[in-house]
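What follows is a short report on a single structure.
Residue numbers start from 1 in every chain, and the chains themselves are labelled A, B, ... in the order their sequence lines are given, proteins ahead of strands. Atoms considered below: every heavy atom in the structure, side chains included; atoms not considered: hydrogens, waters and symmetry mates.
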There are 2 protein chains.
Amino acid sequence: MRLSTYRSALKRLKALGFKKVFSDNLADAAGVTAVQVRKDFSMFGISGNKRAGYSVDELVVQLGRVLGKNEVQRVIVVGAGRIGTALVRYKGFEGGGIKVVAAFDIDPAKFDDKAEVPVIPIDEVTSFIRANGIRVAMLAVPEMAAQRVSEILVAAGIRGILNFAPIGLRSTDEVVVNNINLEVELENLIYFVNAARGSADKGEGDR
Amino acid sequence: MRLSTYRSALKRLKALGFKKVFSDNLADAAGVTAVQVRKDFSMFGISGNKRAGYSVDELVVQLGRVLGKNEVQRVIVVGAGRIGTALVRYKGFEGGGIKVVAAFDIDPAKFDDKAEVPVIPIDEVTSFIRANGIRVAMLAVPEMAAQRVSEILVAAGIRGILNFAPIGLRSTDEVVVNNINLEVELENLIYFVNAARGSADKGEGDR
DNA sequence: TAGATTGTTAATCGATTAACAATC
DNA sequence: TAGATTGTTAATCGATTAACAATC
C-alpha cells in the first residue's frame, strides 16, 4: 500500500508550486514507476485526465478520502524515553492530520501534566484510551516491557501499534502491528552496502 | 532480505536459553513461515541438521558471516536533534556489532568534543568520513537540508544512508538508501486499522 | 522402525511490467 | 491531426506455498 507514500510525495510537489502532476512526476518523487502509480490509483478509484494528469488539489482530497484523512487521527506514545520523546515532538506529523495527544511512562520524573503533550503515568493508559477512544499507539518502551505493555494496550482498545521496541510483535485479528526495528534496518543496509562493494550488484534497501 | 530479522529473533531465543532452534521457532519469532526460513537459509548456504534443527551458536556465526558481522561496523549520525540523539543513544545497536562513532550538527550549542559519542561541526563531516573510512550514515536532519547533506555525504564516501528525513532519497549506483518516513509508516498503519474496522479484512502493516 | 524435521522441486499466487487502446 | 498521457489487459517475473523426498 503506497498511497501514503504518494501523499507524502504529493505534499512536497505541492510545496514546490505544482498545480498539476503527471503520474511520472509522482513516480519520480515516490521512487516507483509511472505505471505503478496509475495502477495503484485505479485500484482505489482515483482517476486523472487523459492529457492533463492529476489536479494536485483534487488528488490531495482523493488520497485523503481513501486514507481516512477527513478527521484528525489522535494517537498516543507509550514510553517517554529518547525515542518516545522524539516521536512526541516529531514535526512531520503536524501537517498530516495526525496529533499526538499524550505520552505515557512509568518513571515519575518524566510525568508532566502541563506540557503541550502531557506525560502521564502508564497506570492511567487504559482509562485514557477508553475515555478518549484512542485506536493507535506508538510503542517505544524497553524490549523487556514491550510484550506486556502491548497486551495492555490491546485490551484497552488499541487497534494499531507502530512498534519501535526491538522485538517483533505480531498482528492479530485484534491489532495491526507495524514493527520498526532500527538495528534490523541498519544491519540490512550494511549488508547491501557490503554486497555492492564486492560485486557489481546494485541492491536496494529493503521495503 | 530477512537475514537481519532472523538474526534479531535468534538473539532473543538465545537469551531465552535456546541451544537448538527449529525453523518453526525462528519463523514464529520472526513472523514468517518455517518454509521461508529454510528457503532463505538455503539460498545463503546455511544448513541445519535433519532431525535436530540448527545449533544456535553455529547459526549466529553463519548469519554473522553472511551479514558481514565479523568486524564492528562503524557508522555516523548526521543531525543531532531529537531523532539523531535517540539514534546515538540507541541501546539496540550495541549487541549487534554496530558502533555509532560520531554525530554531526550545524548548531554550535550541540557541539561536544568530550562526549562518549562526540558531536562535531557538520563542516568537518567530509574529513571525518575520509579519515575514518566510514561507509554508512544515519541521516536525521530537517527535510530542507536532507537532499544537500546527502550529496555531501556521498561525495565524501558514504555508500549507505538510513534516512529519517521525510523526503524519499533515491538509491543510486553510488549509494544505497533506506528511507524511514515516520509519517508514512503511521499513516499506513492508520489506514489498515480503519480498513479492519469496516470490513472483516484483517490487514497487515505493510513492508 | 516411525516420526520429525530439513531441503528442494514444482505449482501457485501476486505484483510488476509490457503493450496498447482510448482520448484530450 | 499528432503527441502526450491515462487506464487497462495480457505477459512476465519473482516470491510464496504445497508437496514430498531425504534422513537423522
Report yes or no: does Ser8(A) contribute a side-chain atom to a donor-acceptor pair with the main-chain N or O of Ser4(A) at less than 3.5 Å?
no
Contact list for DNA chain D against residues 57-69 of chain B - heavy-atom distance below 4.0 Å:
none
Test your reading of the model: is there a side-chain donor-acceptor pair from Asn49(B) to the backbone of Arg51(B), 3.5 Å cut-off?
no
Check salt bridge (Lys or Arg N to Asp or Glu O under 4.0 Å) between Asp57(A) and all other residues, then give those that pass, not counting sequence neighbours.
Lys14(A)
Residues from residues 4-26 of chain B sitting under 4.0 Å of DNA chain C, heavy atoms only?
Phe22(B), Ser23(B)
Check whether more than 12 heavy atoms from other residues, nucleotides or ligands sit under 6.0 Å from atom CD1 of Ile106(A), and answer yes or no.
no
Under 3.5 Å for both distances, Watson-Crick or G-U wobble, that's the pair rule; now give the dot-bracket for DNA chain C, with | marking pairs to another strand and [ ] for crossing ones.
..||||||||||||||||||||||
Exam field: side chain Asn179(B) to backbone Gly168(B), donor-acceptor pair closer than 3.5 Å
no
At a heavy-atom distance below 4.0 Å, which nucleotide of DNA chain C is the first touched by chain A, and which is the last?
dT16(C) to dC24(C)
One should read off an interatomic distance between Leu169(B) CG and Glu151(B) CD, to the nearest 0.5 angstrom, of 9.0 Å
If you take any heavy atom closer than 4.0 Å to DNA chain D, which residues from residues 39-46 of chain B end up in contact?
Lys39(B)
Heavy-atom nearest nucleotide on DNA chain D taken for Thr33(B) and for Gly53(A); more 5' hit belongs to Gly53(A)
Say whether, by atom type as modelled, one donor and one acceptor occur between the side chain of Asn163(B) and the main chain of Ala165(B) under 3.5 angstrom.
yes
